[in-house]
Amino acid sequence: MPEGHTIHRLARRVRDSFRGEHLDVTSPQGRFASGAALVDGRVLRRVDAHGKHLFLGFDELWVHVHLGLFGTVTLAAAPAPDPRPTVRMRMVGGSRYLDLRGPTICEVVTAAHKATIHARLGSDPLRADARPDDAYGRIRRRGAPIGAVLLDQSVVAGVGNVYRSEVLHRAGVSPFLPGRLLAEPVWAGIWEDLTALLRAGVRSGRIVTTAPEHRSRRSGRVRRDDALYVYGRTGEACRRCGARVRADDLAARRVYWCPTCQPE
DNA sequence: GCAAAATGTCAAG
DNA sequence: TTGACCTTTTGCA
């Protein structure tokens, strides 16, 4: 279940598994049959990720994937088992296979089309070309609350519903603070924190935002119910101050926050 | 057996 | 702001 860290981690795994190989590409489900035929048998040359978008480069053609809310990828050792009927795309290389199920987007695009996708995406903290000052400009010009702007992929690419609540809690900033009132040094801190959290997510494959002193057990593998400060914890005690965690709708999603640590 | 929810996004009204 | 779409898992009859 994907925010930006999932996609960048996936990009790395796909690169390690398949780059330079001829791939057999099919669509057991059928909905990607014509796209699969365009790249079937070609060599995977490059893999690119921007926010929650993944691009697999076969010379001049790219397979563009967006997992949406439900998409999943299985990437494992060959031989591949009989595919489930919902497998939109299967790629098989020399030693590994990949199954993609439930994506919002799976399509073949040209390099020019790929460029237009990048153009409408904002700065991705996991990319070398990230521009935190550009993101800040957009935040300041926007009347919307910071908790809504953080989910806008044309401002910051890769942040999803978990990271938005968690990073704002860590910064002590209310999700309802209007973007134009967010001070520059505060934004700089949020950006830096977001970058570190996303990188940790790429490394571990999960979202962990709590400091050791805010967990029930301070060493060993972080337990699932210890990993987050506020996300999904409505009515439970804030890990930092003990106040009850609140949930509200913001930008059509639930946002979780602590009224004491993040005063309005 | 079915409804609801889940780390997402877009288009219609 | 709402509904539609993609799929799996969980919880309740």
Side-chain angles (χ1 to χ4, degrees), chain A residues 1-11 27-33 35 49-55 63-75 81 83-90 98-107 109 113 116-122 124-126 143-145 147-170 175-176 193-194 197-210 222 224-235 245 247-257:
Chain A
M1 274 139 267
E3 297 194 21
H5 70 298
T6 307
I7 307 309
H8 283 263
R9 179 181 174 86
L10 183 55
S27 180
Q29 179 199 47
R31 291 183 52 178
F32 182 59
H50 189 163
K52 301 166 190 169
H53 297 254
L54 176 69
F55 301 92
V63 174
H64 170 217
V65 172
H66 192 297
L67 295 181
L69 194 50
F70 315 122
T72 58
V73 164
T74 301
L75 181 46
R84 294 207 211 185
T86 55
V87 172
R88 182 80 56 89
M89 175 180 72
R90 167 169 280 189
L98 177 155
D99 277 354
L100 170 68
R101 302 197 308 267
T104 290
I105 296 171
C106 177
E107 61 179 1
V109 298
H113 185 168
T116 68
I117 297 168
H118 288 295
R120 49 165 231 265
L121 288 172
D124 178 345
L126 292 172
V149 183
L150 276 182
L151 280 189
D152 184 336
Q153 301 298 301
S154 68
V155 178
V156 182
V159 175
N161 210 25
V162 176
Y163 280 119
R164 88 155 157 177
S165 287
E166 293 295 311
V167 80
L168 289 173
H169 180 271
R170 286 170 57 99
F176 303 100
D193 197 36
L194 199 47
L197 290 173
L198 282 162
R199 284 185 183 152
V202 173
R203 258 180 270 121
S204 69
R206 57 193 293 228
I207 303 177
V208 175
T209 60
T210 49
V222 180
R224 185 200 306 251
D225 60 356
D226 263 349
L228 304 174
Y229 280 107
V230 288
Y231 179 82
R233 302 189 62 243
T234 314
V245 172
D248 290 279
D249 287 334
L250 184 57
R253 315 291 301 280
R254 295 300 269 178
V255 67
Y256 303 87
W257 57 291

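Residue numbers begin at 1 in each chain, while the letters A, B, ... track the order of the sequences.
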Considering only [options], which nucleotide approaches the side chain of [X] most closely?
| X | options | answer |
| --- | --- | --- |
| A/A252 | B/dT9, C/dC6, C/dT2 | C/dT2 |
| A/R120 | B/dG8, B/dC10, C/dT7 | B/dC10 |
| A/R88 | C/dT2, C/dT8, C/dC6 | C/dC6 |

Provide, to the nearest angstrom, the distance between the [atom1] atom belonging to [X] and the [atom2] atom belonging to [N].
| X | N | atom1 | atom2 | value |
| --- | --- | --- | --- | --- |
| A/R101 | B/dG8 | CZ | C1' | 18 Å |
| A/L100 | C/dC6 | CG | P | 14 Å |
| A/E107 | C/dC5 | CD | P | 19 Å |
| A/I105 | B/dC10 | CD1 | P | 7 Å |
| A/R253 | B/dA6 | CZ | C1' | 8 Å |
| A/L54 | B/dG8 | CG | P | 16 Å |
| A/D249 | C/dG3 | CG | P | 13 Å |

Heavy atoms only, 4.0 Å cut-off, all strands: where does [X] land among base, sugar-phosphate and nothing?
| X | value |
| --- | --- |
| A/I207 | base |
| A/T86 | sugar-phosphate |
| A/R224 | nothing |
| A/R206 | nothing |

* Under the salt bridge (Lys or Arg N to Asp or Glu O under 4.0 Å) test, residues paired with A/R9 that sit two or more places apart ->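 Checked A/R9 against salt bridge (Lys or Arg N to Asp or Glu O under 4.0 Å); zero matches.
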Does a nitrogen or oxygen in the side chain of A/H66 sit under 4.0 Å from OP1 or OP2 of B/dG8?
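It does not, given that no N or O in the side chain of A/H66 lies less than 4.0 Å from OP1 or OP2 of B/dG8.
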At less than 4.0 Å, is any side-chain N or O atom of A/R84 found next to OP1 or OP2 of C/dT7? Yes or no.
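Answer is no, no contact under 4.0 Å.
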Item checked: Centroid distance under 5.5 Å and plane angle under 30°, A/F70 vs C/dT7 ->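 Check passed, A/F70 stacks on base of C/dT7.
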Q: Please determine if A/D249 and A/R254 form a salt bridge, counting it only when a charged side-chain N lies under 4.0 Å from a carboxylate O.
A: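 A salt bridge links A/D249 with A/R254.
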For this session: Applying ring pair (Phe, Tyr, Trp, His ring centres under 6.0 Å), run through A/Y256 and A/H169 and close with a yes or a no.
Result: CA-CA 9 Å; A/Y256 303 87; A/H169 180 271; over 10 Å; no
Note to self: Taking only the P atom of each, what is the distance from C/dT8 to B/dC10 in whole angstrom?
What the structure shows: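 Result for the P pair: 23 Å, nearest Å.
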ask   = How far, in whole Å, is C/dC6 from B/dG1 if one measures between their P atoms?
value =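 My reading of the P atoms in B/dG1 and C/dC6 gives 22 Å.
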Q. Measuring from A/I207:CD1 to A/L197:CG, what's the distance to the nearest 0.5 Å?
A.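 Spacing of CD1 (A/I207) from CG (A/L197) equals 9.0 Å.
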At a heavy-atom distance below 4.0 Å, what parts of residues 153-166 of chain A sit against DNA chain B?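 Going residue by residue through residues 153-166 of chain A, the ones with a heavy atom under 4.0 Å of DNA chain B turn out to be A/Q153, A/G160, A/N161, A/V162.
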With sequence neighbours left out, which residue pairs that include part of residues 199-208 of chain A fulfil the salt bridge (charged side-chain N to carboxylate O under 4.0 Å, His left out) condition?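 Those involving residues 199-208 of chain A do not exist here.
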